[in-house]
Amino acid sequence: MTPFAKKVYRAVLKIPIGEVRSYKWVAGKAGRPGAARAVGQILKRNPYPLIIPCHRVVKADGKPGGYLRGSEFKQRFLNLEREISKILTIK
DNA sequence: ATCATGACTAATG
DNA sequence: CCATTAGCCATGA
């Protein structure tokens, strides 16, 4: 676990349910604006799958981005989160 | 120290 | 909307 990785995960954990942020956004929060690509590397080697909401991190252009096996699951999961947050009125 | 590797980005055709 | 292109950067070998 590198210090940069820590910051990245810390930032990702802050993303509210039903919302998404770009890799770039995370990079900035991690103190290294422009390291969006590196962020991908970190999430890719995610030590705690399912604990870290890496599915809420998408590309800057809105596309799903990557995920285990592909991005299909990611896309659907985000929809579910949006709905549940709406129903339960979670910010 | 050097080099290759992407779950990226912004610009262009 | 899709493809290409050059720039970017932490990591690991």
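What you see is a predicted model, and the numbers here were worked out from it, not measured in a lab. By convention in this document, chain letters (A, B, ...) are assigned in the order of the sequence lines, proteins followed by strands, and residues within each chain are numbered from 1.
When heavy atoms are screened at a 4.0 angstrom cut-off, A:Ala27 is found touching no nucleic acid atom at all. Residue A:Phe4 is classed as a sugar-phosphate contact, given heavy-atom separations below 4.0 Å to backbone atoms only.
The pair A:Glu19-A:Arg82 fails the salt-bridge criterion, with no side-chain N (NZ, NE, NH1 or NH2) lying under 4.0 Å from an Asp/Glu carboxylate O.
Proximity of a side-chain donor or acceptor of A:Tyr9 to a complementary backbone N or O of A:Ile42 within less than 3.5 Å is detected.
Minimum atom distance to the side chain of A:Arg32 is reached by C:dA10, of the listed B:dA10, B:dA7, C:dA10. Out of C:dT11, B:dC8, B:dG6, the shortest distance to the side chain of A:Ala5 is found at C:dT11. Counting only heavy atoms from C-beta on, A:Lys59 has its side chain closest to B:dT9 among B:dA7, C:dT11, B:dT9. The side chain of A:Ala38 has C:dC9 as its nearest neighbour among B:dT9, C:dC9, B:dA7.
B:dA7 atom P lies 14 Å from atom OH of A:Tyr9, rounded to whole Å. Atoms CH2 (A:Trp25) and P (B:dC8) sit 17 Å apart, rounded to a whole Å. When the P atom of C:dT11 is taken as reference, atom CG of A:Leu43 falls 12 Å away, rounded to whole Å. Rounded to a whole Å, the NZ atom of A:Lys29 is 22 Å from the P atom of B:dC8. What separates CD1 of A:Ile42 from P of B:dT5 is a distance of 18 Å, to the nearest Å. Spacing between atom CZ of A:Arg37 and atom P of C:dT11 amounts to 15 Å, rounded to whole angstrom units. Atom CD of A:Gln41 and atom P of C:dA13 are 12 Å apart (whole Å). Rounded to an integer number of Å, the gap from CZ of A:Arg21 to P of B:dC8 is 18 Å.
Look at A:Lys24 and you won't find any side-chain N or O under 4.0 angstrom from OP1 or OP2 of B:dT9.
Transitive grouping of hydrophobic side chains (ILVMFWY, heavy atoms separated by less than 4.5 Å) brings A:Ile15 and A:Val39 into a common cluster.
With the nearest nucleotide of DNA chain C identified for both A:Lys63 and A:Ala35, A:Lys63 has the one nearer the 5' end. The residue among A:Pro33 and A:Arg45 whose nearest nucleotide of DNA chain C lies closer to the 5′ end is A:Pro33.
The structure places OH of A:Tyr67 at 10.0 Å from CG of A:Leu43, a figure rounded to the nearest 0.5 Å.
Side-chain contact check for A:Arg45 and A:Gln41: at least one donor-acceptor pair (N or O, by modelled atom type) lies under 3.5 Å.
You'll find a donor-acceptor pair under 3.5 Å spanning the side chain of A:Tyr23 and the base of B:dA7, going by distance alone.
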